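Below is one structure, written out as structure tokens; the observations come after it.
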Amino acid sequence: MKLNIREITIFAMLGSLMYASKMIMEIAPNIHLLGVFTIAFTVVYRKKALYPIYIFVLLNGMFSGFAAWWIPYLYVWTVLWGMTMLLPKKLPKRAAPLIYMSVCAAHGFLFGTLYAPAQAVLFGLSFQGMAAWIIAGLPWDFLHGVSNFFCGILIVPVISALRLAEKNSIQG
């Protein structure tokens with residue numbers, strides 16, 4: 001996955017865009033565009049989408065602190081990337097928006113469950129403690145999943161914009 005200067009620049013900007021969007025939307029808890037960007041970048045850039053995703057993760061640590069909350073970020077976004085990579089490259093045009101929105105929603109609904117194992121290890125929680133932690137977070141996961149579903153309506157337009165930009169930059 002060797003990168004050229006153009007890709008380094010694009011991926012740095014896309015990772016920064018993810019971070020900026022998160023900061024802007026922090027006024028609304030668990031409502032953000034991170035799933036939208038992760039899915040769109042993965043559809044367009046495939047394996048190379050890991051670069052902007054991990055630039056985002058690194059920026060989070062740099063600006064908010066490399067603390068216990070940050071450790072799950074090392075894998076929770078990769079799970080969404082992996083879920084997207086498992087989808088067929090060519091989805092039917094009518095089905096694609098709903099499929100992408102559903103995958104985005106599933107990640108939101110499962111976020112607390114995905115986050116929990118790291119919390120259990122870091123804070124010495126038993127399985128029951130981890131389960132209690134997950135259950136206590138279910139209202140937030142519900143909000144996260146529902147908001148990811150509705151924000152997911154932007155996935156196909158972001159994919160289209162990225163593909164158009166890629167096409168124009170190759171031709172130019």
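Here the structure is a predicted model, which is why all the values come from computation and not from measurement. What you see below is based on every heavy atom in this structure, not just the backbone, and it leaves out hydrogens, waters and symmetry mates.
- Residue L80 holds its CG atom at 7.5 Å from CD1 of I53, rounded to the nearest 0.5 Å.
- Across every non-hydrogen atom of L34 and S21, the tightest pair is CD2-OG, 4.2 Å.
- Side-chain atoms of E26 do not come within 3.5 Å of backbone N or O of M23 as any donor-acceptor pair.
- Every residue was checked against the salt bridge (charged side-chain N to carboxylate O under 4.0 Å, His left out) condition with R94, not counting sequence neighbours, and none meets it.
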Evaluate the criterion side chain to side chain contact (heavy atoms under 4.5 Å, CB included) for residue pair W81 and V76; output intermediate values, then yes/no.
CA-CA 9 Å; W81 171 85; V76 293; over 6 Å; no
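- Between the side chains of T78 and Y54, at least one donor-acceptor pair of N or O atoms lies under 3.5 Å.
- When the shell of 6.0 Å around CG of L138 is examined, it contains more than 12 heavy atoms from other residues, nucleotides or ligands.
- Between F149 and V146, the closest side-chain pair of non-hydrogen atoms is not below 4.5 Å.
- Ring geometry for H32 against H144 counts as perpendicular: the plane angle is over 60°, on a 0 to 90° scale with 30° as the lower cut.
- In this structure the side chain of Y100 reaches within 4.5 angstrom of the side chain of L87, judged on heavy atoms.
- At most 12 non-hydrogen atoms from other residues, nucleotides or ligands lie less than 6.0 angstrom from CD1 of I5.
- The two residues R6 and S169 make their nearest non-hydrogen contact at NH2-OG, 2.8 Å.
- Linking ILVMFWY side-chain heavy atoms closer than 4.5 Å, directly or via other members, places V121 and F127 in two distinct hydrophobic clusters.
- Rounding to the nearest 0.5 Å gives a distance of 10.0 Å between CD1 of I10 and NZ of K48.
- Between F41 and F37, the ring-plane angle classifies as parallel under the 30° and 60° cut-offs.
- Using cut-offs of 30° and 60° on the angle between ring planes, the pair F111 and W77 is tilted.
- Taking the six-membered ring wherever Trp is involved, the centroid distance between the rings of F63 and Y19 falls below 6.0 Å.
- With contacts defined as side-chain heavy-atom distances shorter than 4.5 Å, the pair T38/T84 does not qualify.
- W140 has its side chain within reach of P29: a pair of non-hydrogen atoms, C-beta onward, lies under 4.5 Å apart.
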I would like to know whether M18 and L33 meet side chain to side chain contact (heavy atoms under 4.5 Å, CB included); could you show each step before the answer?
CA-CA 8 Å; M18 286 179 77; L33 300 174; over 6 Å; no
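- Of all the heavy atoms in A68 and L122, the pair that sits closest is O-CD1, 3.7 Å.
- For W133 against G112, the heavy-atom pair with the smallest separation is CZ3-O, 3.3 Å.
- F11 and M13 sit in two unconnected hydrophobic clusters of ILVMFWY residues. Membership requires side-chain heavy atoms under 4.5 Å apart, directly or through other members.
- A chain of hydrophobic side-chain contacts below 4.5 Å, direct or via other Ile, Leu, Val, Met, Phe, Trp or Tyr residues, connects L74 to L50.
- Between L114 and H107, the closest side-chain pair of non-hydrogen atoms falls below 4.5 Å.
- L154 contributes atom CG, which lies 9.5 Å from atom SG of C104 (distance to the nearest 0.5 angstrom).
- Looking only at side-chain heavy atoms (C-beta outward), L14 and Y51 stay at 4.5 Å or farther from each other.
- Between S102 atom OG and M83 atom CE the span is 9.5 Å, to the nearest 0.5 Å.
- Remark: side-chain polar atoms of D141 are not paired, donor with acceptor, to backbone N or O of L110 under 3.5 angstrom.
- Heavy atoms from other residues, nucleotides or ligands lying under 6.0 Å from CZ of F142 number 12 at most.
- Counted by atom type alone, Y45 and E166 present one or more donor-acceptor pairs between their side chains at under 3.5 Å.
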List the steps and the verdict of side chain to side chain contact (heavy atoms under 4.5 Å, CB included) for W70 and V57.
CA-CA 8 Å; W70 181 81; V57 170; 3.7 Å; yes
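- Minimum interatomic distance between A116 and M130 (heavy atoms only, all atoms of both residues): CB-CG, 3.6 Å.
- To the nearest 0.5 Å, atoms CD1 (I39) and CD1 (I155) are separated by 4.0 Å.
- Crowding of F150 atom CZ: a count of heavy atoms from other residues, nucleotides or ligands under 6.0 Å not exceeding 12.
- Shortest non-hydrogen contact noted between A136 and P139 is O-CD, 3.5 Å.
- Inter-residue side-chain proximity for S16 and L59 is flagged as met; some heavy-atom pair is nearer than 4.5 Å.
- Counting heavy atoms from C-beta on, the side chains of R46 and K89 come closer than 4.5 Å.
- Put simply, CG on L91 and CD1 on I99 are 4.5 Å apart, with the number rounded to the nearest 0.5 Å.
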